[in-house]
Amino acid sequence: MKQEPHLTFDPDSLGVSTGHLFIPRGSDYEALLLPVFSLNKGEGRRLLITGGNHGDELEGPLVARRVIDWLPEEQTRGRITIVPDLNPLAVQAWTRNTPVDGKTLN
């Protein structure tokens, strides 16, 4: 049975939701769970914030996590989704490219 990528929470529910984006195992990597934070305050614009595309650029994950702490009180409408570690293998290895294949997500 082939698994599909999916969220472990309902992004349409109002309020704060946290969970993971499940990425199934591929031919050259194991399954991944990417942490995801979502704040849905109904109608309005949508914004996606990501960090950790390159594992040697730690500013993105740090700022994304700070926004998660600050956001619930400041946001008044719309939906913001944050994935602070888009490339967790590179972040953990502190390398620009993914250590599995030596490639960048770009």
Side-chain angles (χ1 to χ4, degrees):
M1 178 174 148
K2 183 178 178 185
Q3 292 184 319
E4 298 293 327
H6 65 273
L7 289 170
T8 61
F9 63 93
D10 179 8
D12 293 324
S13 63
L14 293 176
V16 173
S17 298
T18 58
H20 293 90
L21 170 60
F22 173 77
I23 308 294
R25 184 180 186 282
S27 61
D28 61 351
Y29 59 89
E30 295 299 318
L32 295 173
L33 284 174
L34 304 181
V36 178
F37 169 90
S38 177
L39 180 56
N40 184 355
K41 292 210 175 168
E43 293 296 318
R45 295 179 183 224
R46 295 179 180 198
L47 175 66
L48 172 65
I49 298 172
T50 62
N53 181 38
H54 297 125
D56 62 347
E57 297 173 351
L58 300 180
E59 301 87 350
L62 292 172
V63 170
R65 285 186 172 82
R66 287 184 182 168
V67 170
I68 290 170
D69 292 337
W70 166 81
L71 190 62
E73 294 178 14
E74 300 299 324
Q75 182 184 354
T76 58
R77 53 188 268 171
R79 181 188 304 175
I80 298 178
T81 303
I82 301 174
V83 183
D85 295 321
L86 198 58
N87 191 351
L89 298 176
V91 171
Q92 291 167 3
W94 209 6
T95 61
R96 183 164 190 81
N97 300 336
T98 304
V100 172
D101 58 12
K103 296 180 179 176
T104 176
L105 289 183
N106 285 346

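Computed from a predicted model, the values in this text were never measured in an experiment.
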Check your understanding: If two hydrophobic side chains count as joined below 4.5 Å and joins carry through other members, does Leu21 share a cluster with Val100?
Key -> yes

Check your understanding: Which heavy atom in Leu14 sits nearest to a heavy atom in Gly42, and how many Å separate them?
Key -> CD2-N, 3.5 Å

Review point. Counting only N and O atoms by type, is there a donor-acceptor contact under 3.5 Å from the side chain of Lys41 to the main-chain atoms of Pro72?
Key: yes

Practice item. Using the rule that two of Ile, Leu, Val, Met, Phe, Trp, Tyr join whenever any of their side-chain heavy atoms come within less than 4.5 Å, decide whether Val36 and Leu48 are in one cluster. Key: yes

**Study point:** Any Ser17 side-chain heavy atom under 4.5 Å of Asp10 side chain
**Key:** no

Check your understanding: Side-chain heavy atoms under 4.5 angstrom apart, residues restricted to Ile, Leu, Val, Met, Phe, Trp, Tyr: same cluster for Val63 and Ile82?
Key -> yes

Check your understanding: What pairs meet the side-chain hydrogen bond (donor to acceptor under 3.5 Å, both in side chains) rule with one or both residues in residues 59-72, with sequence neighbours excluded?
Key -> Arg65-Asp85

Check your understanding: Has the side chain of Thr50 got a donor or acceptor atom that lies under 3.5 Å from a matching backbone atom of Val83?
Key -> no

Review point. Of Asp12, Leu47, Leu39, which meets side chain to side chain contact (heavy atoms under 4.5 Å, CB included) against Arg79?
Key: Asp12

Review point. What distance separates Arg45 CZ from Arg77 CZ, expressed to the nearest 0.5 Å?
Key: 8.5 Å

Review point. What is the minimum heavy-atom distance between Phe9 and Ser38, and which atoms define it?
Key: CE1-CB, 3.7 Å

**Study point:** More than 12 heavy atoms from other groups under 6.0 Å of CD on Glu73
**Key:** no

Check your understanding: Considering all heavy atoms of both residues, which atom of Pro35 and which atom of Pro84 are nearest to each other, and what is their separation?
Key -> O-CD, 3.4 Å

Check your understanding: Can a donor-acceptor pair be found between the side chains of Thr98 and Asn87 at a distance below 3.5 Å?
Key -> yes

Exercise for review: May I ask you to test the Thr95-Asp56 pair for a side-chain heavy-atom distance under 4.5 Å?
Suggested key: no

Practice item. Quick one: pull up CG in Leu7 and CG in Leu34 and give me the separation to the nearest 0.5 Å. Key: 10.0 Å

Point to revise | Among Leu71, Val67, Ile49, Ile80, side chain to side chain contact (heavy atoms under 4.5 Å, CB included) partner for Phe37 | key: Leu71

Point to revise | Nearest-0.5 Å distance, CD of residue Glu4 to CD1 of residue Ile23 | key: 11.0 Å

Review point. Roughly how far apart are Leu86 CG and His54 NE2, rounded to 0.5 Å?
Key: 10.0 Å

Review point. Are Leu89 and Trp94 linked, directly or through other ILVMFWY residues, by side chains that come within less than 4.5 angstrom of each other?
Key: no

